Engineer: 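One structure, pasted below without further comment.
Labels below follow one simple rule: chain letters A, B, ... track the order of the sequence lines, proteins then strands, and each chain is numbered from 1. This one's a predicted model, so the numbers in the text were calculated from it and none came from an experiment.
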Number of protein chains: 2
Amino acid sequence: MPDAAKRANVTLRDLATSVGVSQSAVSMALSDHPRISEPTKRAVRAAAARLGYVPNSAGRALRAGRSTSIALVVPQTGRHVFGHPYFMHLLVGVTEEANARDTALMVSTNPDETHGMAAYERVLRSQAASGAIVASASISDPNVNRMVDAALPVVLVGRFAHLPHAASVGTDEIAGAAAVTRHLVQDHGLTRIAHISGPLDHQTAVDRYEGFRGALAASGRPCTHTLAAGDFSEESGRAAARQVLDSMADLQAIFAANDEMAHGAMLEIRSRGLRVPEDIALAGYDDFGVSRLTTPGITTVHVPAQALGRRAASVLFALLDGVAPDPLHTVLPFELVVRESCGSHHG
Amino acid sequence: MPDAAKRANVTLRDLATSVGVSQSAVSMALSDHPRISEPTKRAVRAAAARLGYVPNSAGRALRAGRSTSIALVVPQTGRHVFGHPYFMHLLVGVTEEANARDTALMVSTNPDETHGMAAYERVLRSQAASGAIVASASISDPNVNRMVDAALPVVLVGRFAHLPHAASVGTDEIAGAAAVTRHLVQDHGLTRIAHISGPLDHQTAVDRYEGFRGALAASGRPCTHTLAAGDFSEESGRAAARQVLDSMADLQAIFAANDEMAHGAMLEIRSRGLRVPEDIALAGYDDFGVSRLTTPGITTVHVPAQALGRRAASVLFALLDGVAPDPLHTVLPFELVVRESCGSHHG
DNA sequence: CCGATCTGCTGAAACGTTGAAGCATCTGAG
DNA sequence: CTCAGATGCTTCAACGTTTCAGCAGATCGG
């Protein structure tokens with residue numbers, strides 16, 4: 001256990017004078033260079049432990065031409081980012097992997113909507129981080145293209161159809177939305193369904209809507225559907241539910257593009273004296289907690305955000321090691337989580 | 001808009017050759033040194049924009065002897081940290097302030113329970129970050145003492161009674177717990193109350209328990225209370241509720257030390273055919289979302305975690321600027337949030 | 001018109017690290 | 001005994017930045 005004077009920052013030079021060899025010998029001893037004798041190595045290691053030597057990361061990064069950190073870049077404001085449990089789970093996964101590789105993690109968000117470049121500039125071009133994981137919701141964020149174009153080590157989380165050459169990690173949200181839609185149609189026999197989508201400049205919103213429509217079309221049954229767009233917030237879900245409940249007679253079910261909007265819809269349904277699921281069945285997407293807490297629980301699709309984070313980090317490390325990620329686009333499985341909000345248990 | 005060849009990393013030297021002055025002149029021009037002429041400054045700035053120059057953070061940090069990053073250190077595993085909404089809100093606040101100062105944020109957690117030092121070593125002693133915000137739940141984390149002893153720029157989030165000289169930011173949780181307890185006793189006339197505490201090696205758990213007892217003692221009414229300790233998880237809250245419901249006859253209310261345990265207690269109460277609040281009133285603590293989502297909503301105390309994060313960051317920046325924080329210990333106000341779980345609305 | 005002062009730049013050093021190249025000293029083969 | 005090679009270290013340079021000291025040339029007071 002190191003205990004001695006740890007005030008000043010101990011450098012290689014301090015170790016060198018302490019042991020009585022040159023600075024380089026110390027450096028080589030610590031990296032176990034074959035041309036350094038065992039006794040010297042032992043002496044150096046002992047001194048390092050005694051003085052509490054920790055290599056200066058700036059010196060190391062400068063010399064190596066790359067830092068020992070990776071960054072999680074989310075080109076949105078912090079409030080938006082960390083308010084959403086998705087990013088939290090992502091963060092858990094990324095830190096797990098980064099910790100395993102003893103790599104520091106920088107988190108970079110935008111100060112506000114106008115500074116699109118900031119999150120990216122700050123960490124990557126200044127080489128504060130040697131690579132980045134980018135989680136951008138917007139379908140056409142020019143900064144993402146820029147990073148990819150600059151051939152920087154980047155892993156995208158989500159689906160970026162227009163960037164086929166960039167490494168990415170995601171789930172098949174079209175299939176996920178289709179699965180939950182099929183559950184409504186085929187397991188519960190519901191055919192008059194509304195979809196509350198997210199903002200349609202989000203890939204996620206587009207994909208979930210597409211999955212919904214595709215499943216209806218493929219169902220072989222005459223289904224009626226309607227759409228109202230929200231912004232993924234509970235309040236917008238409630239407003240959208242108001243709209244579809246007013247406009248579509250004999251509505252049987254609502255599939256919201258995320259659980260928060262589904263929760264908003266549930267509040268609106270209830271406020272009209274209707275019951276979930278007896279009068280209106282309900283389904284959401286994400287499974288980050290909201291859907292488990294409500295009564296009844298909301299049927300949803302589990303997004304493996306933590307696994308996505310882990311995988312994104314490991315793909316990034318592969319890139320940094322100069323290994324081509326295989327596959328370039330990882331698609332992790334989703335899981336349909338059936339709860340009470342869409343009707344009696346059909347198995 | 002910079003557009004030219006941004007492949008290679010542009011250094012001061014590149015700018016220097018491009019403009020036709022020395023490296024130092026470029027550096028001085030960019031920092032608006034008075035001894036550089038306006039025309040030169042304009043030329044340098046133009047070249048910097050054209051080539052897309054971004055200062056290398058390692059070079060800068062090495063020269064300056066300190067980095068431009070701050071760290072949020074949470075000596076726990078990532079899973080534990082980011083699973084808890086408290087840290088999320090804290091993170092929002094910290095990033096807001098860090099972004100405002102154009103400072104990168106490193107997030108450091110422990111790889112596992114055994115590596116107590118890791119989160120701290122990685123960022124601070126290697127000088128990857130110039131200062132740290134430490135959010136440690138454990139009452140006697142030796143690493144916190146170590147950091148404070150090492151006189152590193154550190155701001156603690158929470159109450160660290162044994163470290164009076166370290167800057168800290170927190171709320172008065174004793175008063176918060178007392179407020180919600182008073183609400184149960186005085187506004188609702190409940191006198192047979194159980195407390196479900198957190199693990200009593202957490203300062204937070206200790207303080208909330210103390211606030212509870214203090215408020216009962218100060219109420220001037222004959223109150224009966226009992227205690228069961230949980231670990232802040234929903235499941236442990238349910239188990240603790242089982243225990244107090246079995247052991248205390250005529251129990252009227254349960255005050256859980258956080259909302260998740262309160263939610264667990266609610267599930268247990270309901271499973272016994274009892275109603276909240278008619279048969280058993282319920283209160284929690286934190287207000288990070290759970291308490292708002294349940295039906296009925298859970299009366300709780302709002303912890304201003306985001307504000308804590310913001311304030312912690314600004315205090316840290318003060319420390320880094322060499323300014324003594326005033327006050328050394330910031331105490332932000334909490335807020336009692338009355339919902340339906342403790343009875344009819346008394347105003 | 002000469003010394004002092006100002007202006008605008010250059011050169012060099014330093015931060016801590018790493019690693020290539022170099023230099024003794026020792027060993028062992030011939 | 002000699003010299004090739006191994007062994008164990010040292011010296012030096014470089015990464016990109018900032019800044020201090022210094023150096024020309026211009027400006028100005030007397």
Engineer: Which residue pairs pass the side-chain hydrogen bond (donor to acceptor under 3.5 Å, both in side chains) test when at least one of the two sits in residues 32-43 of chain B, sequence neighbours left out?
Structural biologist: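 Passing the test, one end in residues 32-43 of chain B: B/D32-B/K41, B/S37-B/T40.
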Engineer: Show me the donor-acceptor pairs, under 3.5 Å and distance only, between side chains in residues 20-29 of chain B and residues at least two apart or in other chains.
Structural biologist:
residue, atom, partner, partner atom, Å
B/S22, OG, B/S24, N, 3.4
B/S22, OG, B/A25, N, 3.2

Engineer: Quick check: closest heavy atoms across A/A47 and A/V19, and the distance to 0.1 Å?
Structural biologist: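 What the structure gives for the nearest pair is CB-CG2, 3.6 Å.
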Engineer: Got a sec, which residues hit side chain to side chain contact (heavy atoms under 4.5 Å, CB included) with B/H329, two or more places apart in sequence or on another chain?
Structural biologist: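 For B/H329, the residues satisfying side chain to side chain contact (heavy atoms under 4.5 Å, CB included) (neighbours in sequence not counted) are B/S168.
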Engineer: When you get a sec, tell me which of C/dT10, C/dG16, D/dT10 is the closest nucleotide to the side chain of B/V21?
Structural biologist: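 Minimum distance to the B/V21 side chain belongs to C/dT10.
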Engineer: What pairs with B/R60 under side chain to side chain contact (heavy atoms under 4.5 Å, CB included), at least two apart in sequence or on another chain?
Structural biologist: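 Applying side chain to side chain contact (heavy atoms under 4.5 Å, CB included) to B/R60 gives B/P55.
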Engineer: To the nearest 10°, let me know how far the axis at one end of the helix from C/dC1-D/dG30 to C/dG30-D/dC1 is tilted from the axis at the other, five pairs an end.
Structural biologist: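 About 60° separates the two local helix axes.
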Engineer: Nearest-Å distance, CG (B/L62) to C1' (C/dA14)?
Structural biologist: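 Checked: the CG to C1' distance equals 9 Å.
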Engineer: Could you give all pairs that pass the side-chain hydrogen bond (donor to acceptor under 3.5 Å, both in side chains) test and reach residues 314-326 of chain A, with sequence neighbours left out?
Structural biologist: A/R101-A/D321
Engineer: List in numerical order all residues of residues 32-43 of chain B for which some heavy atom is under 4.0 Å away from an atom belonging to DNA chain C.
Structural biologist: B/R35, B/I36, B/S37, B/T40
Engineer: Listed by chain and number, what are the side chain to side chain contact (heavy atoms under 4.5 Å, CB included) partners of A/T330, not counting sequence neighbours?
Structural biologist: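 Counting only residues at least two positions away or on another chain, A/T330 forms a side chain to side chain contact (heavy atoms under 4.5 Å, CB included) with A/V169, A/R311, A/V315, A/P327, A/L332.
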Engineer: With sequence neighbours left out, what residues match A/R159 under side chain to side chain donor-acceptor pair (under 3.5 Å)?
Structural biologist: A/D207
Engineer: Could you work out, with side chain to side chain contact (heavy atoms under 4.5 Å, CB included) as the rule, every residue matching A/L328, not counting sequence neighbours?
Structural biologist: A/A167, A/P325
Engineer: Between A/T11 and A/N56, does any side-chain donor sit less than 3.5 Å from a side-chain acceptor?
Structural biologist: no
Engineer: Scan nucleotides 17-20 of chain C against the protein and return all N/O pairs shorter than 3.5 Å with their distances rounded to 0.1 Å.
Structural biologist:
residue, atom, partner, partner atom, Å
C/dT17, OP1, A/Y53, OH, 2.6
C/dT17, OP1, A/N56, N, 3.1
C/dT17, OP2, A/L12, N, 2.7
C/dT18, OP1, A/R60, NE, 3.1
C/dT18, OP1, A/R60, NH2, 3.2
C/dT18, OP2, A/S27, OG, 3.1
C/dT18, O2, A/R63, NH1, 2.1
C/dG19, O4', A/R63, NH2, 3.1
C/dG19, O6, A/S24, OG, 2.7

